[in-house]
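Heads up, the thing below is written out as structure tokens.
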Amino acid sequence: MSNLLVRGASILDPVTGLTEADLLIDGGRITEVGSRLPAAGVRVLDADGMLAMPGLINAHTHSGQALDRGSTPDLPLDLWLTRVVLAEMERSLDDVYTTAAAGALEMLRTGCTAVLDHVFLDYDDFSAHADAVISAYRDVGIRAAVAPMAADLGHAETWPTHLLDDEEQPPPPTPRHDPQRLAGLMETFIEEHLDRDPRLNPVLGPNAPQRCTDEYLALNARIAESHGVGVHTHLLETKSQRIATLARYGESVVDHLDATGLLGPRTSLAHGVWLSPEDIATIARRDAIVVHNPVSNLRLGSGIMPMQQMLEAEVTVAVGADGAASNDSQNMFEAWKIGTVVHTLRGPFQSWPTPSRVWRGMLAGGARALAFNIGRLSAGALADLVLLRLDRHIPSDVESLTASLAFAEHGGSVEVVIVHGEVVWAEGRSTRVDEAAIGRSARAFQRRLRETATARYREVEGQAERLTALEAVIEQTPTTLERRLRPEPDPQ
Ligand SMILES: [Zn+2]
């Protein structure tokens, strides 16, 4: 990696604040931050009049959905899943590559340099699918933590249909996939990719505790421990899941995860909308990370995450876009904005999180969830940064600048994107891949997705009808947690 000197930028860093300095980059890392650094023998990037900030970090998405934008209506999660998972279109390895590449390009061009991809990979063609996703990330040049999303129970078997008082009570869930075999696939994946590529980290990704047997969760805890890797999972996204997990475990799913050994500083938990105050205390004690997915939570009516309670308990809160089937963009400026303003619906104004607070969580939590030394512009950190034009923003102080970036920026000011010390985006285009060719494949995929939708949805109509009835019961089920604006029934 050749040396690079970023000269004369206004530097915005979550710890040192706002300064004017040069940045020296060598071997993928920032080696020095200071004024008038010597330029002999290095490539100089003149950033005079620009802002340098750490690349934004997307700590939860599903690359397989990157081209699904606009394809599903707003529906409660379980109903929405019938369209996205049960009625999913078959995908070739080229489709898998194209969707991951298109999603990665969307992130880079809007200032996001690192992603945690909770990706579904076909278990029967696992390593070929994994390679397609990883090749896309390598080609585009984004930094990625890849967490293969795995579950040994079927989605449909874990919905709380026991609440429906009808004839067809389902049997308790039994594994659809052999937990030992799945764990073997995951362990091989970890061994193949750990410490092989400085831009790629493997992470374990059990889909959600209630979609796994205890045996499979325990295997994940063992693999995480023996290889020192992170664990990423969905957790308490909806009221339905809170009800279903309480019924299944007879205790909070957070306590259940904790007892399985899966709750620790390398664990990141996507959503956490329906965490109770006791759950939040447990997560704080274990120093696990919660990943806030504000747009997806609003789009599917899941509710508003208790951000103020988490920040008060000093839980690290990262930010995710979530998949494009529930967002529908991968723009982290947008997630930052919505993830800040949505919390004014709750609590006194003094408790509302500021844009800078949400941003610090996005960077510190994202770095920890992805297990990279990123999110800082300081000596020793990996050189992932974004240069923005300052025609829309005034770099006067951290609070007003981060407010301006969160609330008024959509990525249109992004001029240069650097990942691992390499310029991967400049002059409005990728420096590495043929975006027009990826765009053509992407549009062909999207047309196929639309053309096959009616037939695919017809196949899940029966399930959808049952889940519509279930949603009515869930609406009426009492809870002490307030996560939505519609009144919940009184638990008395
Ligand atoms: Zn998700």
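The shown structure was predicted, so the numbers you read here are calculated from the model rather than taken from an experiment. When a ligand or atom number is given, it counts from 1 through the structure's own listing order.
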Of all N, O or S atoms in His60, identify the one at the shortest distance from the Zn ion (ligand 1). NE2
Please round to the nearest 0.5 Å and tell me the distance separating atom CD1 of Ile280 and atom CE of Met307. 11.5 Å
Check whether any side-chain N or O of Thr72 sits under 3.5 Å from a backbone N or O of Ala325 as a donor-acceptor pair, and report yes or no. yes
Would you name the N/O/S atom of His62 that lies closest to the Zn ion (ligand 1)? NE2
Salt bridge (Lys or Arg N to Asp or Glu O under 4.0 Å) for Arg176 and Glu157? Distances and angles first, verdict last. CA-CA 10 Å; Arg176 272 200 194 177; Glu157 286 87 344; 3.2 Å; yes
Considering only N, O or S atoms, which atom of Asp322 is nearest to the Zn ion (ligand 1)? OD1
Rounded to the nearest 0.5 Å, how far apart are CG of Asp384 and CD1 of Ile57? 8.0 Å
